[in-house]
Structures are given as C-alpha cells and as structure tokens.
Amino acid sequence: MIKNISNLGDAALYCDFGQDINREINSYVIKYFNKLQQLKIDCINNITPSYNKLIISFDLKKIKYNDLKNLIEKIQIDKDETLNKKILEIPICCEEPYSLDFYRLEEKLKLSKEQILKNFFNKKYFCYMTGFIAGMPFLGDLDENMRVQRLETPRVKVPKGSIGITEQFANIYTFESPGGWNIIGNTPMKVFDNSKEDKPNLINPGDTVIFTEISKKEYSNYE
Amino acid sequence: MSSNYFKVIRSGINSTFQDKGRSNLYHLGIPFSGAMDNRNYLLANKLAENDLNNPVIEFAYQGPLLKYIGDKIRFTITGDVSFKIKSKTSEIDGNCYETYEINNEDEIDILSTNKSVYGYLSLSGKFDVDYQWGSCSTNTKSNIGANNGKKFQNGQIINISKINKNFNKKRINYINTKIEKIRVIKGTNFNYFSEIAINNFFKKEFKISKLSDRMGTRLEGPKLENINSTNIKSEGLIKGVIQVPGDGNPIIMLSDHGTIGGYPKIGVVISADYDRLVQLPSGSKIKFQQIDLSDAETLFKMYEMETQNLLNQI
C-alpha cells in the first residue's frame with residue numbers, strides 16, 4: 001500500500017510503497033496503476049510504476065499538487081485482484097558475438113560459463129516494470145550467486161536485442177542504446193513493436209518470462 | 001509526392017517535426033517528446049492561424065535550408081533566429097514573429113539560432129506527417145513519430161497536405177528573455193548529498209555541456225559529493241528532474257528523457273522555468289535557486305498568463 005505521498009517538483013506526485021523490492025510490494029504498485037488507468041483522471045499526464053514507487057505527473061494548468069494528492073489518497077484498490085499473468089518464452093543466443101560480457105561474468109561470479117548458463121536458463125522471471133527506453137522490461141530475480149554490479153564504464157552503444165544482467169535483475173535492450181548492464185546474450189525476437197499502438201510492448205508488468213537457449217544457427221533462421 | 005512540398009537542401013543539425021507531445025505512455029517507456037520550448041511553439045502556430053496542436057518544424061542551432069515547390073504559402077518562424085528568404089529576384093533577412101509569403105522555387109534559409117538553441121517554423125497549412133499515439137512528435141532515439149522517427153536528411157522531401165488560402169498578415173513584438181537563475185524544488189533524494197554539495201549546488205555556477213540534447217541538459221561545475229549511495233532503486237522520471245550520477249555532474253531531464261532512472265534526484269526544475277532552460281546553449285553559465293512548492297505554482301500561473309496574453313495579441 002502507499003506509505004507516503006510527496007511532491008516531485010511542482011507537477012508530479014511521488015507515491016512511495018516502501019524500500020524493499022519484492023513481488024508483493026510491486027503487485028500493489030501495479031494494482032494502483034491499473035486502477036488509475038481505469039479511472040482516466042483527466043488532469044493526469046502519465047503514471048509510471050516501478051519496483052516500489054508510482055509517479056503520477058499531472059497538468060499544472062488543470063490541478064495543483066495538494067488537490068490531486070487528496071484525490072489519490074481516497075482511491076481504494078482491490079487487494080485480492082489478480083494481475084494479468086501471461087507467460088512468455090524468449091529465445092536467446094549466448095554464443096559469440098552476442099555474449100559480450102561472458103569473460104567478465106565468469107571472473108566476477110567465479111563460475112564457469114556452463115554454470116552461469118544453467119543458473120540463468122533454469123528460472124522463471126517476473127516483470128516488475130517496463131521503461132527507460134521504449135518496451136525495456138526489468139525482470140527478476142536472479143539467484144544470489146548470479147548478482148553482479150553494472151560495468152564500471154557503461155557502453156556507449158549496447159546492440160539491440162541484448163539481454164543484460166545486473167544485481168538481481170535481467171533486462172532486454174529493445175533499441176541500440178547506451179547502457180551499463182552485463183550482456184549475456186541476444187534475442188532475435190521483437191520485444192517492442194511501434195506499429196502496434198494498442199500493445200507495443202511484448203512483456204508487461206506482472207508477466208512471467210522464460211528464457212530458452214538457441215544456437216547461432218537457430219538465431220539466424222529466426223523469423 | 002503531393003503538389004506542394006519543400007525540398008531539404010540542407011537538413012540542419014537536429015531538425016524534427018514536433019507538436020504538443022504524447023501522454024500516458026511513460027509506463028511503456030515512451031517519453032512525452034513534443035516541442036522543447038512550448039511558448040514559442042504555440043506562438044508559431046497562432047501566428048500561422050493554425051490549430052495550436054499543428055505540427056511544426058523544430059530546429060536546433062543551425063536550421064534547415066528549404067526550397068519550396070508549389071502554390072503560394074505563408075510561414076512564420078519563432079524563437080531568436082537569423083534566417084533569409086530567397087527568391088529569384090531578391091534576398092531578404094526575415095524577422096521572427098512575423099508572417100511571410102513564399103512562392104514556387106523560393107528558399108527559406110535558417111542560418112542559426114542566436115544565443116539560444118531551438119526555433120520553430122510553422123506554415124499556414126499542414127505538413128503531411130504520420131501520427132503515432134496521437135502525436136507526430138519525432139523521437140529519434142526510439143524512431144517514433146513523423147518522418148519515420150528520424151531527423152531531417154539532406155535531399156529529402158517534406159510534403160504539405162493542406163494550404164490555408166484565407167490568411168491575414170500577422171506580427172507581434174516579442175523578445176525572448178534569457179534566464180540565469182534556474183529555480184528548483186528539492187528532490188526526493190536531497191539528503192543523499194553532503195552539506196558541501198548542497199551548498200555548491202545553490203551557490204556555484206554550472207556550465208551547460210556540449211553533450212546536451214533533447215534527452216537532457218548535462219552540466220559541468222563543482223562535483224556534487226554523494227554521502228549515501230550513487231544509485232537508487234530505478235524509478236520513474238519526469239521532465240525537469242535533476243539526477244546526479246556517480247561522477248557528480250548533474251543531468252536535467254528534458255522532453256525525450258528515459259522514463260526510468262536509477263540516479264539520486266537532487267532537485268526538480270519548476271515548470272515556469274522549463275521553456276527558458278531548454279533555450280540555454282552549450283557553454284552558458286547558470287545558477288540554481290531553491291524555492292518552495294507554493295511559489296513554484298504561483299510562478300507557473302504567472303508564466304501561463306503571460307503566454308495567454310501573447311497569444312491573445314495575435
């Protein structure tokens with residue numbers, strides 16, 4: 001539940017659900033997000049759910065912070081509401097030249113490539129949020145022994161389709177972009193499609209992702 | 001190809017189609033985009049007697065050189081911009097906030113913005129542009145919006161789908177003022193920074209870096225020391241947020257910003273100062289001043305009234 005609402009500048013509400021990152025807290029964030037989307041409050045410009053925060057930006061020409069805060073505080077959510085739970089399979093190739101940071105991962109995690117792959121593929125990942133760049137999913141959680149910091153110097157260009165890991169999360173670079181996550185492989189699958197205006201993102205908060213390993217040959221034959 | 005069009009002889013540095021932007025998409029990772037300087041964007045459309053959400057050409061620093069092919073049309077340019085209108089028989093220096101008529105084979109040569117960044121060109125008519133999520137605004141990072149999500153290229157054609165025939169010559173007197181003190185509200189991670197860092201943030205000068213673009217303004221100045229953690233759990237961002245990464249150099253989020261970020265937020269620029277902030281060219285020196293929420297709200301109301309007064313004069 002929302003623990004505290006404060007202002008982020010003069011045109012946004014910062015709704016804090018706590019410090020921890022877990023599915024329970026994140027489910028509440030998503031439920032509030034869903035509820036606010038249903039209500040279609042005219043003065044709201046954007047609602048951004050993340051692990052444990054919800055940021056609501058509004059049109060300062062139409063409403064002020066305190067009035068919108070009062071309105072949001074009155075909103076009740078159905079705690080028992082179940083979230084949409086799609087299960088999606090994402091194929092990844094972890095061979096050269098797609099696995100850009102395998103040497104680094106072996107060194108930092110003190111695990112062999114085989115062990116890293118076994119740990120990585122043998123899991124279901126929960127989508128906590130999407131964003132940063134269009135359609136990028138933030139997926140968790142990686143096992144304790146798979147957690148590693150961001151690159152000391154971020155790449156200027158991470159190739160499109162790259163799967164990165166850092167700390168307890170994995171993500172997918174939907175576009176070529178700057179970024180500092182450790183790149184384990186690459187997917188040929190289209191994760192963001194801007195020709196589909198109603199549903200451009202393949203993976204949405206609340207969904208479950210299963211990664212499957214494919215060879216370089218399967219990657220190049222992928223349609 | 002329609003019968004009325006521009007040929008882009010020189011594309012300029014970053015020329016794109018923009019309108020008021022797209023909302024309710026942050027949760028998908030799609031930013032607001034839209035014209036950077038909202039006031040000058042609105043003035044451009046009002047001067048051209050357009051709907052206020054009509055697509056315009058936004059350019060940065062050096063603008064495009066456009067050759068016009070078609071029936072008589074009128075245009076205006078807003079901002080602080082040097083431009084020429086060239087025909088077979090004459091060449092004149094144009095004034096911003098005034099409408100001009102051009103004919104077949106005339107050229108508009110937008111030389112540069114003066115001590116500012118963005119300028120706007122609006123037509124008495126409509127560019128033939130594609131819309132995505134209700135907006136034509138081009139986001140070149142995600143290839144969303146008009147012109148296949150790309151900035152203008154040399155040699156390309158810009159089609160015009162409609163020309164307004166009934167038109168009165170228009171002009172206003174307006175001079176863009178330069179801002180030196182950017183007013184900010186304390187950010188949600190204010191306490192991540194040392195006393196010295198806070199003191200430096202509000203007392204020392206910062207320089208706008210060359211690496212600034214439609215995504216963000218990067219600043220150079222005293223490095224802001226973080227005493228807590230240089231990362232936060234990633235969370236939503238909005239326009240105007242000032243993030244401070246581990247290197248201690250602040251970055252202000254602008255219209256094409258990433259929707260999620262993991263660096264501590266030291267402050268947020270107030271809405272009333274946004275249009276003038278984006279117009280600060282690289283190399284400009286600025287200072288920050290802390291104000292509270294109710295003052296920020298009053299300042300925005302005043303800024304809005306000023307914009308409305310200008311629009312009503314047209």
Side-chain angles (χ1 to χ4, degrees), chain A residues 6-12 14-16 19-21 30 33 37 40 44-57 59-61 64-66 128-138 149-150 152 154 166-167 169 174-178 180 192 194-195 197 199-201 204-205, chain B residues 21-32 131-134 139 141-145 149 183-188 231-242 245-246 257-262 265 267-272 274 291-301 303-304:
Chain A
S6 57
N7 66 302
L8 181 62
D10 55 19
Y14 183 87
C15 307
D16 192 351
Q19 286 309 307
D20 296 336
I21 297 181
I30 298 169
F33 170 77
Q37 287 287 26
K40 293 193 195 313
I44 292 178
N45 282 338
N46 273 295
I47 314 165
T48 322
S50 57
Y51 301 125
N52 49 21
K53 306 282 183 283
L54 187 70
I55 292 177
I56 305 170
S57 68
D59 186 344
L60 191 49
K61 289 198 278 283
K64 283 187 187 171
Y65 168 74
N66 277 312
Y128 284 96
M129 59 180 176
T130 49
F132 176 57
I133 50 175
M136 179 188 266
F138 288 73
Q149 293 292 305
R150 286 176 177 78
E152 286 73 25
T166 199
E167 294 170 355
F169 307 107
T174 45
F175 290 91
E176 183 183 272
S177 150
F192 175 79
N194 67 6
S195 68
E197 285 202 15
K199 240 183 178 336
N201 288 8
N204 291 287
Chain B
R22 40 182 82 80
S23 55
N24 200 23
L25 296 163
Y26 274 26
H27 60 284
L28 300 173
I30 300 168
F32 212 88
Y131 282 77
Q132 276 185 300
W133 293 285
N139 174 349
K141 303 284 170 188
S142 311
N143 296 136
I144 289 171
R183 290 161 295 189
V184 300
I185 293 175
K186 252 171 40 173
T188 42
N231 280 270
I232 58 168
K233 304 297 179 213
S234 293
E235 59 185 37
L237 291 172
I238 55 163
K239 240 163 67 165
V241 163
I242 308 169
H257 68 82
T259 57
I260 279 174
K265 303 171 175 68
V268 187
V269 176
I270 66 167
S271 299
Y274 188 80
I291 67 165
D292 64 26
L293 176 61
S294 61
D295 288 343
E297 287 169 344
T298 309
L299 287 163
F300 180 73
K301 205 170 168 189
Y303 186 73
E304 262 302 296

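Throughout, protein chains are lettered first and strands after them, A, B, ... in sequence-line order, and every chain is numbered starting at 1.
Contact annotation for B:E235: both backbone and side-chain heavy atoms come within less than 4.5 Å of a heavy atom of chain A. Interface remark: A:F138 contributes side-chain atoms only to the contact with chain B (heavy atom separation under 4.5 Å). Only the side chain of A:F33 comes within less than 4.5 Å of a heavy atom of chain B; its backbone N, CA, C and O stay farther away. The contact between B:V241 and chain A is made entirely by side chain atoms (from C-beta outward), counting heavy-atom distances below 4.5 Å. Of the two parts of B:N231, only the side chain, counted from C-beta on, holds a non-hydrogen atom closer than 4.5 Å to a non-hydrogen atom of chain A. Only the backbone of B:Y131 comes within less than 4.5 Å of a heavy atom of chain A; no side-chain atom from C-beta onward does. Within the 4.5 angstrom heavy-atom criterion, only backbone atoms of B:K141 (N, CA, C, O) approach chain A. Heavy atoms of A:N204 lying under 4.5 Å from chain B belong exclusively to its side chain. Interface remark: A:N201 contributes side-chain atoms only to the contact with chain B (heavy atom separation under 4.5 Å). Of the atoms belonging to A:I133, it is backbone heavy atoms, and not side-chain ones, that fall under 4.5 Å from chain B.
Between A:P49 and B:H27 the shortest side-chain heavy-atom distance falls below 4.5 Å.
Residues B:G236 and A:I55 share a closest heavy-atom pair of O-CD1, 3.0 Å.
Taking OH of A:Y14 as the reference point, atom CD1 of B:I238 lies at 11.5 Å (rounded to 0.5 Å). To the nearest 0.5 angstrom, A:N194 atom CG is 10.0 Å from B:N139 atom CG. B:K239 NZ to A:N45 CG: the interatomic distance, rounded to the nearest 0.5 Å, is 9.0 Å. Put simply, CD1 on B:I260 and NZ on A:K53 are 12.5 Å apart, with the number rounded to the nearest 0.5 Å. Atom CG of B:L28 is separated from atom CD of A:E197 by 11.0 Å, given to the nearest 0.5 angstrom.
Using modelled atom types, one side-chain atom of A:D10 and one backbone atom of B:S271 make a donor-acceptor pair closer than 3.5 Å.
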